[in-house]
Amino acid sequence: QVQLVESGGGLVQAGGSLGLSCAGSGRTFRRYGMGWFRQAPGKEREFVAAITWSGGSTYYADSVKGRFTISRDSAKNTAYLQMNSLKPEDTAVYYCAASSVISTSGRSYDSWGQGIQVTVSS
């Protein structure tokens, strides 16, 4: 397992942009696929985006495709989620997670960050 810490959340107006970072510990970070998930109040956790350990393949939920970009810098042990054209419905606690198997299911991920709030005002 790796230790993950998210940063960069906050409050932004609709149509604005926000970037999230996920810093991982350990030399094995580069071996893990990384995912971003989110959970809004009263709703179940949902998949947002994922990237393979090499960074060669990325996956997105339909709701964020074309607006969000996932990336990683293995030299810095960090994954990123750039969020553009934000909408009020993007408001949620965002979590990064690591998995040895890239997946859109949270059950495949065995290391999770503590979560960070993103609020989009209308």
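The backbone N or O of Ser57 lies less than 3.5 Å from a partner atom in the side chain of Thr52, making a donor-acceptor pair. Here the side chain of Ser25 pairs a donor or acceptor atom with the backbone of Gln3 at under 3.5 angstrom.
Heavy atoms only, all atoms of each residue included: Ser99 and Ser108 are closest at OG-O, 2.7 Å. Contact between Gln39 and Lys43 at its shortest, heavy atoms only, is NE2-O, 3.1 Å. Considering all non-hydrogen atoms of both residues, Tyr109 and Ser103 come closest at OH-O, 2.6 Å. Taking each heavy atom of Gly106 and Trp112 in turn, the nearest pair found is O-CZ2, 3.4 Å. Across Gly113 and Glu6, no two heavy atoms sit closer than the pair CA-OE2, 3.3 Å. For the residue pair Ala92 and Ala40, the shortest heavy atom distance occurs at CB-N, 3.8 Å.
Considering only heavy atoms from C-beta on, Ser17 comes within 4.5 Å of Gln82 through its side chain.
Residue pairs meeting the disulfide (SG to SG under 2.5 Å) criterion with at least one member in residues 33-122, sequence neighbours excluded: Cys22-Cys96.
Within a 6.0 Å radius of CD in Gln13, no more than 12 heavy atoms belonging to other residues, nucleotides or ligands are found.
In this view, Gln117 and Thr119 satisfy the side-chain hydrogen bond (donor to acceptor under 3.5 Å, both in side chains) rule, not counting sequence neighbours. With sequence neighbours left out, the salt bridge (Lys or Arg N to Asp or Glu O under 4.0 Å) criterion links Lys65 to Asp62. For Glu46, the side chain to side chain contact (heavy atoms under 4.5 Å, CB included) partners are Arg38, not counting sequence neighbours. Under the rule for a side-chain hydrogen bond (donor to acceptor under 3.5 Å, both in side chains), Glu89 has no partner lying at least two apart in sequence or in another chain. Applying the side chain to side chain contact (heavy atoms under 4.5 Å, CB included) criterion to Ser85, with sequence neighbours excluded, gives Arg67. Residues meeting the side-chain hydrogen bond (donor to acceptor under 3.5 Å, both in side chains) test with Asp73, sequence neighbours left out: none. Residues meeting the side chain to side chain contact (heavy atoms under 4.5 Å, CB included) test with Ser21, sequence neighbours left out: Ser7, Thr78, Tyr80. Taking Thr104 as the reference, nothing meets the side-chain hydrogen bond (donor to acceptor under 3.5 Å, both in side chains) condition, with sequence neighbours excluded. Partners of Phe47 according to the ring pair (Phe, Tyr, Trp, His ring centres under 6.0 Å) rule, which considers only residues two or more places apart in sequence or in another chain, are Phe37.
Hydrophobic side-chain contacts under 4.5 Å tie Val120 into a cluster, directly or through other members, with Val2, Leu4, Val12, Leu18, Leu20, Phe29, Tyr32, Met34, Trp36, Val48, Ile51, Tyr60, Val64, Phe68, Ile70, Leu81, Met83, Leu86, Tyr94, Ile116, Val118. Other residues sharing the hydrophobic cluster of Val101, ordered by chain and number and joined by side-chain separations under 4.5 Å: none, the residue standing alone.
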